[in-house]
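Heads up: the structure comes next, in structure tokens.
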Amino acid sequence: MNLNRPGLTRKGFTEMADPTSHVSSNGPRVVIVCVLLQLMGVPVATPAFSVSERDISGELVCLCGCGNMPIRDCECSNAQKIRGEIRNKVKGGLSKREILDYFMDKYGEEIVGAPPPWKGFNVAAWIMPFLSLAAGSIVFVRFVKSRKAGDSDYTREGEETNSSPEVRGKGATPLESRLDQELKDYE
Amino acid sequence: MLLPELGHFSLIFALCFSIYAAGAGVFGARRHRRDFVGSARNSVFAVFCFLTIASCILIHELMVHNFGLRYVAEYSSSAMPKQYVFAAFWGGMAGSMLLWAWLVGLFGSLVAWQNRRQHEALMPYVLSTIMGTAAFFTAVMLFGANPFEQLAIPATHGTQLNPLLQNPSMMFHPPTLYVGYVGMVVPYAFGIAALATGKLDDTWIRITRRWTLFAWLFLGMGILMGAQWAYVELGWGGYWGWDPVENASFMPWLIATAFLHSVMIQEKKGMLKVWNVSLVCLMYIMSIFGTFLTRSGVLSSVHAFANSNLGPYFLMFIGGSVLLSCALTHRQWDKLKSEEEIESFVSKESSFLLNNLLLLGAAVAVFWGTVFPVLSEAVRGVKVTVAAPYFNRVMVPIGLALLALTGICPLIAWRRASPQNLKRNYLRPALAALVTALLLYVFGVRKLLAILPLSLCAFVVGTIVLEYYRGTLARRSITGEPLGLSFVNLIARNRRRYGGYIVHLGIVSLFAGITGSTVYKLEKEATLRIGENMKIGGYSLRYDQLKEQSTPARERVIASLAVWEGKRFIGTLLPEKNFHPDQDQPVTETAIRGTLKEDLYVILANWDRNSTATFKVFVNPLITLVWLSGLFILTGTTIAMLPDPQKVPVAAYVPSRQAADGIPVT
């Protein structure tokens, strides 16, 4: 168990509870990021007032051997006990992160269902999927760019309209050819 | 006791013949020895026969309760209902390996028979690859988990199959899943054959298209059945827990989905050869890895009923497959490069690539989350849990992007979409999405996580309806058929395309169901005295009585609740707890009242002597749509798999009804 963790101070709570100050000073980009993070529900800057027992009990998993069910859903006695503890902590006015830290100290990091990103290596768990998507996007963009060599020949609108099965002109392309084209598509 | 020995020997023969077939196929192909190739093909049939004999013997031993066999004693008892005794065939490690191997043998034989007079160059390698896989699974049985292992002292009575597994889903879920897993072997074998022979055009893709669809369909259906099982049997009101084993089946499904889409680009444009070969290899490796996760117990989960030490075998085999695939791809690298070009980011080609990127990204995310606990333990020495809270966060954005692409991809023009194309195709679906969002808002849906996916669903449905509408009208104006007939013929003549759209409708239904049942799920726990009421959503439930029933197989405790919706009495719900002999944990039998709108889901959590009982009640909106999606996907895929009458050589397929009826071909 991690003993040198800073204590659960009131100061920590207020810092966590006031992400809006950052928002106002850093403009729309931060707002977007915050909205996205909120959407994902990452416990980075969650204001304390939004924490409910349900939030926390959905965040923790039961280790009774039920297969990592959320504490919220498990019926075992241990889960019931922990639900009680959560209730107390929520009443005590702690922030989400503080509550999670408390439970991790008490039961080990395993109890949190998503590796808390503020603990060293765990960041990798969160970054890696999006990093690979970003890497994939770069490969994708470069692939398309490298294939865009013969730009000049095909860019005329008329050519494009003819070859495209989706654009059916009201007089320009007869329906028959459109249907033929349709049949050729997708085999 | 002769039969078990016979079974054991069948396995040994199956192993010998499959190794021989794998070797003879490659040897015959390289030295141009038709006799060896023919003998390899015959060996495939022999392997299938031996595995069939072994399977029949195991089933027979289960049915006659021969508790001298360890497998029979461990997974079945004479008190179990007959159908679950039969299902015990795949209830444990050794039996499911046998089922796997048998399916490999079956598919191998089918492929060998189907292609006995065609694709002469590819077939030896195809059969060798399939037989290599069969050899591996047979070896695993013989050296690690032998279903015919005899007990020194026969047990007097068996152990029940885990009662959680004694559910109708258990009859269908594992075999369906396994058919899906094993089906992936066929496209992989053709991919490897294409690499080995250097015949890298789209022939191998065209041959395996239906196999891939078939495997993909079964895997998907298997996953959905598993979800249904979890929903009905596990009693926590949900259906998907991001359990490692669920993930294990989800990853190959995602990759197969990517593959199904990207092959269209190769068929149409000759692009993405490397990509498709890599995808098919990845698909196969992931399906082996899935079996490994399910059966090795390397990551603890509810499903790891069968713990064993087969990990190293599997890892070696997976490693070998990866090496083989990479080496072959490397050797053919120059031939795999594509010449075609992409003209624009706003084109069908590009949107398909994006779809692949996202599907693969999703698979990577699932993979990463699944193995992260092991990784964290190795790196930091700290065990962490990666469960639903992680996956939901990571997968929701990817899923929503995919949903949007489901709408965009089918309608965007090949090569380069013009602004007119975009406006013509997307204006109305986008309006549909907007209207849906507004309506939802007006009717009190305020959560972004509900409005966003549901309006995206409307967008996708809009594009699909538009496609059907335009296609039908175009067809009617050309052929003069009545509207209904031209609609039917539109589908019949472009099965792949319009079947695909039906599958997309299924995906929409799935997303809508998931959204409703997660974002607006209601949940309440209450301890009631007899005669007392509780309210949840629009329902009110009155606890009436508690009954006890005892049968040889189980003790049942049944609570009876009268349920009203508003003022209207809608029936009685009977949630149960069952106690099975020689099982510590009682089994929850949920009581569910389902409508299209929502499910009322009741669990009897606890009770005590002074006539109180605790209930957990859920209201799961739209969850029926999740199950309904299976129906759409099944219908759509079946349509897409049917042979197209006018597009295949008559010699290869029997002409279907339409062609025979002489309906004019446009």
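In what follows, every chain begins at residue 1, and chains take the letters A, B, ... in the order their sequences are listed. Since the model is a prediction, treat every value here as computed from it, not as a measurement.
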Exercise. By a 4.5 Å heavy-atom criterion (distance strictly below it), what part of B:Lys447 contacts chain A: side chain, backbone, both, or neither?
Worked result: neither
Exercise. Taking A:Ala114, A:Pro70, A:Gly113 one by one, which has the highest count of heavy-atom pairs under 4.5 Å against chain B?
Worked result: A:Gly113
Seminar exercise, completed: Among A:Ala125, A:Ser132, A:Gly136, A:Pro115, the residue with the most heavy-atom pairs under 4.5 Å to chain B is A:Ala125
Exercise. Can you tell if the side chain of B:Phe372 reaches within under 4.5 Å of the side chain of A:Phe121, non-hydrogen atoms only?
Worked result: yes
Exercise. Would a 4.5 Å heavy-atom cut-off, applied to side chains only, mark B:Thr385 and A:Glu109 as touching?
Worked result: no
Problem set entry | Sub-4.5 Å side-chain heavy-atom contact between B:Val364 and A:Met128 | yes
Exercise. Given a strict heavy-atom distance threshold of 4.5 Å, which part of B:Val382 is in contact with chain A: side chain, backbone, both, or neither?
Worked result: side chain
Exercise. Can you list the steps and then say if B:Glu523 with A:Asp73 is a side-chain contact (heavy atoms from CB on, under 4.5 Å)?
Worked result: CA-CA 10 Å; B:Glu523 180 182 351; A:Asp73 298 323; 3.7 Å; yes
Seminar exercise, completed: When every non-hydrogen atom of A:Val61 is compared with those of B:Ala387, the smallest separation belongs to CG1-CB, 3.9 Å
For this session: Might you work through the side-chain contact (heavy atoms from CB on, under 4.5 Å) test for B:Leu358 and A:Leu133, ending with a clear yes or no?
Result: CA-CA 7 Å; B:Leu358 285 172; A:Leu133 272 177; 4.2 Å; yes
Exercise. So, are B:Arg393 and A:Glu59 salt-bridged, with charged N and O less than 4.0 Å apart?
Worked result: yes
Exercise. What part of A:Val141 lies closer than 4.5 angstrom to a heavy atom of chain B: side chain, backbone, both or neither?
Worked result: both
Seminar exercise, completed: To the nearest 0.5 Å, atom CE of A:Met69 lies from atom CG of B:Asp243 at 10.0 Å
For this session: Find the distance between NZ (B:Lys383) and CD1 (A:Ile111) and round it off to the nearest 0.5 Å.
Result: 14.0 Å
Problem set entry | Distance (rounded to the nearest 0.5 Å) between B:Ser376 OG and A:Glu110 CD | 9.5 Å
Exercise. Does any non-hydrogen side-chain atom of B:Leu272 lie less than 4.5 Å from one of A:Phe143?
Worked result: yes
Exercise. With no hydrogens and no angle check, is any side-chain donor or acceptor of B:Tyr390 less than 3.5 Å from a backbone partner on A:Pro116?
Worked result: no
Problem set entry | Contacting region of A:Arg72 [heavy-atom separation from chain B under 4.5 Å] | both
Seminar exercise, completed: Cut-off 4.5 Å, heavy atoms of chain A, and the answer for B:Ile603 is side chain
Exercise. In terms of heavy-atom proximity below 4.5 Å to chain B, should A:Ala124 be classed as side chain, backbone, both, or neither?
Worked result: both
